[in-house]
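Remarks on the structure that follows.
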Amino acid sequence: MTTPTTFDALREAQTALIRKALAGAVFLAPLSSTLPATLTTGASSALATLPTGYEDLGLISKDNALTWSRDIETNETTSWGFADPTRRDIVSDVTGLQFTAQETKLRTLELYEGVDLSAVTPDATTGEVAFSRPLRPATRYYRAFAIAVDGDGTDAIFIGRLLPRAMVSERGEQTWTDSGEIAYQMTLTATPDTTAGYSIRHFFGGPGWKSLLASMGFGS
């Protein structure tokens, strides 16, 4: 005989496991830069220092700050006598990161315009900077590390996603107006890094995360 129970006894509702990205940043680096091995370090689970070469893109628009997309395509096999496909295989799984950068600076301009500004120098007298968009822009790849934080102090939880080989696949329209900042909407698309062996790596850590391991099913 089945033992009777209640719905509240069956479900496992844990409000402490609901996460929000209260703040965050996107860091970019050349492909020659070392990939971060960990997000946190030490017994305190504090944030680890990023390897040399990673630069913060700066302030990001609060509206839909970081939007992660995932486009999955499947190939289906149908069989005689079955209404539903009898087999499905994933043939494409592409991750994208869309955000709107608010700071006008060298790295942001490089990403948005698809140019290399490392050799551009300001005019010695006026400080003016000028550059042209190439007629045939080259695809440029970067390492991208997005980090978000939820909570503070001993409750801080850090969430990171690392794209070892990302490219700017889309650039949004730009509006010049007195009612808003000049912004740079872009989408980074993850591509495979054959040396690293992945196109995206997930990180979860921090003192708050460590204290919830058992509740989340990871054990202590």
Side-chain angles (χ1 to χ4, degrees), residues 2-29 34-51 54 56-74 88-90 92-102 142-166 169 185-193 196-220:
T2 303
T3 303
T5 187
T6 65
F7 173 73
D8 288 337
L10 283 175
R11 72 171 181 172
E12 297 181 4
Q14 302 182 78
T15 58
L17 302 188
I18 297 175
R19 302 271 65 82
K20 280 189 174 183
L22 300 181
V26 177
F27 301 87
L28 254 66
T34 302
L35 288 170
T38 63
L39 178 62
T40 58
T41 184
S44 64
S45 298
L47 273 176
T49 302
L50 292 177
Y54 286 80
D56 184 4
L57 286 182
L59 293 172
I60 293 174
S61 174
K62 188 174 183 178
D63 298 330
N64 302 317
L66 297 185
T67 301
W68 293 93
S69 62
R70 189 171 180 183
D71 185 12
I72 299 176
E73 293 184 12
T74 60
R88 289 186 175 90
D89 296 291
I90 296 176
S92 177
D93 188 354
V94 180
T95 296
L97 170 59
Q98 184 185 91
F99 59 91
T100 301
Q102 294 178 306
Y142 306 86
R143 302 206 188 281
F145 198 13
I147 301 176
V149 59
D150 187 11
D152 190 33
T154 57
D155 295 323
I157 294 176
F158 306 113
I159 302 172
R161 290 186 182 180
L162 175 63
L163 311 181
R165 190 171 182 267
S169 58
Q185 185 187 83
M186 295 171 278
T187 299
L188 295 176
T189 296
T191 65
D193 185 312
Y198 58 86
S199 59
I200 182 169
R201 184 171 176 81
H202 300 263
F203 296 83
F204 299 86
W209 177 267
K210 185 178 180 180
S211 67
L212 293 171
L213 285 174
S215 299
M216 294 184 293
F218 288 103
S220 58

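The model shown is predicted, which means the values in this text are computed figures rather than measured ones. All values below were derived from every heavy atom in this structure, side-chain atoms included, with hydrogens, water molecules and symmetry-related copies excluded.
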Working for salt bridge (charged side-chain N to carboxylate O under 4.0 Å, His left out), residues Lys20 and Asp150: CA-CA 6 Å; Lys20 280 189 174 183; Asp150 187 11; over 6 Å; no
CD1-CG distance between Ile60 and Asp63, expressed to the nearest 0.5 angstrom: 12.5 Å
Contact summary for Trp68 and Ala146, nearest pair of heavy atoms: CZ2-CB, 3.7 Å
CG on Leu50 to CD1 on Ile147, rounded to 0.5 Å: 5.0 Å
Distance in Å, Asp193 CG paired with Thr191 OG1, rounded so as to fall on 0.5 Å steps: 7.5 Å
From CA spacing to verdict: side-chain contact (heavy atoms from CB on, under 4.5 Å), Phe27, Leu57: CA-CA 6 Å; Phe27 301 87; Leu57 286 182; over 6 Å; no
Expected output: side-chain Thr38 to main-chain Thr41 donor-acceptor under 3.5 Å: no
Within 6.0 Å of CD in Gln14, more than 12 heavy atoms from elsewhere: yes
Test item: side-chain donor near acceptor, Arg88 and Thr74, under 3.5 Å: no
Distance-only polar pair, side chains of Ser61 and Thr100, donor-acceptor under 3.5 Å: no
Evaluation steps, side-chain contact (heavy atoms from CB on, under 4.5 Å), between Leu97 and Thr187: CA-CA 5 Å; Leu97 170 59; Thr187 299; over 6 Å; no
Arg11 NZ/CZ over Phe7 ring centroid, <6.0 Å and within 45° of normal: no
Pairwise distance OH(Tyr142) to CG(Leu163) - rounded to 0.5 angstrom: 14.0 Å
Candidate pair Leu212 and Lys210, rule side-chain contact (heavy atoms from CB on, under 4.5 Å), full reasoning: CA-CA 5 Å; Leu212 293 171; Lys210 185 178 180 180; over 6 Å; no
Geometric class of the Phe204/Trp209 ring pair [parallel <30°, tilted 30-60°, perpendicular >60°]: parallel
Side-chain donor/acceptor of Tyr54 to backbone N/O of Thr34, under 3.5 Å: yes
Stepwise side-chain contact (heavy atoms from CB on, under 4.5 Å) test for Tyr198 and Leu35: CA-CA 12 Å; Tyr198 58 86; Leu35 288 170; 3.7 Å; yes
Taking every non-hydrogen atom, the tightest pair across Ala144 and Ala166: CB-CB, 4.3 Å
Gap between atom OG of Ser45 and atom CG of Leu39 - 0.5 Å precision: 10.0 Å
Arg143 side chain vs Pro164 backbone, donor-acceptor pair below 3.5 Å: yes
